Amino acid sequence: MEEKKAPALSNKVVIAAAAVIVAALAVVAALLLTSKKDNGNSAAIGYAAEATVMLEQDALQAAFDEALKNAAEGNIGLRYQNDAYSDNGVDFKCRIINSSSNIYDMFLTIYADVELTDQIFLSGLVPPGSGFENISLEHALDPGDHTVYVALTQVDTDEETGEQVIKHQVMHTMDFHVSE
């Protein structure tokens, strides 16, 4: 019986295979070299500027109790659309609602300037679940786009004195648009 030998690989096939391997290695090396290096800014856990480390059990318990009290009192929830529209600069179609998840009434104060000196709207008390679909400003805004500053203030009535006391206050912005 005759023994059959496998045909030898030609020099062209060996050279082509080597070229493909070298090209693949060059692509991998290029990707590794051009990828962003971790400069300490990615996926790191940090602390807020006002964070403190508590080593004493009593201090930790006091902070935990305060957090539970704040959670029980609730935060300021608001349902709104960020944009409000007007044809005359005074009457705006908008959506600003004291969330039904709130436990306090609130009032809104809207300012036309970041310094909070140009008050353009002050509401009465708004119960949770209530709000505005339209508002009228105290004075007109000029035609164009305006960033306004909205102060949301939650109030509660002191049971002993009957006086209203501020519970929470938050600022945010909205965009008011006045057509030309």
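Everything quoted here is computed from the prediction, not taken from an experiment. Positions are given from 1 along the sequence.
- Shown here for E180 and G144, the closest heavy-atom pair between the two residues is OE2-N, 4.3 Å.
- Looking at heavy atoms from C-beta onward, T109 lies out of side-chain contact with Y149 at the 4.5 angstrom threshold.
- The side-chain heavy atoms of L137 and F176, taken from C-beta on, include a pair separated by under 4.5 Å.
- Scored by the salt bridge (charged side-chain N to carboxylate O under 4.0 Å, His left out) test, R95 finds E133 as partners (sequence neighbours excluded).
- With rounding to the nearest 0.5 angstrom, the CG atom of L152 is 11.5 Å from the OG atom of S99.
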Between M106 and T153, does the side-chain contact (heavy atoms from CB on, under 4.5 Å) criterion hold? Intermediate values first, please. CA-CA 5 Å; M106 75 168 53; T153 306; 5.9 Å; no

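- Side-chain contact between L108 and V150: present, with at least one pair of heavy atoms (C-beta onward) separated by less than 4.5 Å.
- D175 places no side-chain N or O within 3.5 Å of a backbone atom of T147 that could act as its donor or acceptor partner.
- With contacts defined as side-chain heavy-atom distances shorter than 4.5 Å, the pair Y104/N98 does not qualify.
- There is a side-chain donor-acceptor pair under 3.5 Å between H177 and D83.
- Atom CG of D105 sits about 13.0 Å away from atom NZ of K167, to the nearest 0.5 Å.
- Each of V90 and I120 belongs to its own hydrophobic cluster when Ile, Leu, Val, Met, Phe, Trp and Tyr are linked at side-chain heavy-atom distances under 4.5 angstrom.
- V114 and M174 are not part of a single hydrophobic cluster, where members link through side-chain heavy atoms under 4.5 Å apart.
- A heavy-atom distance below 4.5 Å is not found between the side chains of F121 and V148.
- You'll find the side chain of M171 reaches within 4.5 Å of the side chain of L116, heavy atoms only.
- The shortest non-hydrogen separation linking P128 to I103 is CG-C, 4.4 Å.
- Contact between A151 and Y111 at its shortest, heavy atoms only, is CB-CE1, 4.4 Å.
- With no hydrogens or angles considered, no side-chain donor-acceptor pair links Q169 and Q154 at under 3.5 Å.
- Residues Y80 and C94 have side chains not in contact (no heavy-atom distance under 4.5 Å, counting atoms from C-beta outward).
- Applying the under-4.5 Å side-chain rule to Ile, Leu, Val, Met, Phe, Trp and Tyr, the cluster around L122 extends to F107, L125, V155, I166.
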Run Q164 and D156 through side-chain contact (heavy atoms from CB on, under 4.5 Å) and show every step you take. CA-CA 5 Å; Q164 293 178 330; D156 191 20; over 6 Å; no

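- The closest side-chain donor-acceptor pair between D87 and S179 falls under 3.5 angstrom.
- Taking a 6.0 Å sphere around CD of E115, one finds it holds more than 12 heavy atoms contributed by other residues, nucleotides or ligands.
- Residues I135 and I110 meet the side-chain proximity criterion, which asks for heavy atoms closer than 4.5 Å.
- Defined by atom type and a distance below 3.5 Å, a donor-acceptor pair is present between the side-chain atoms of S136 and D91.
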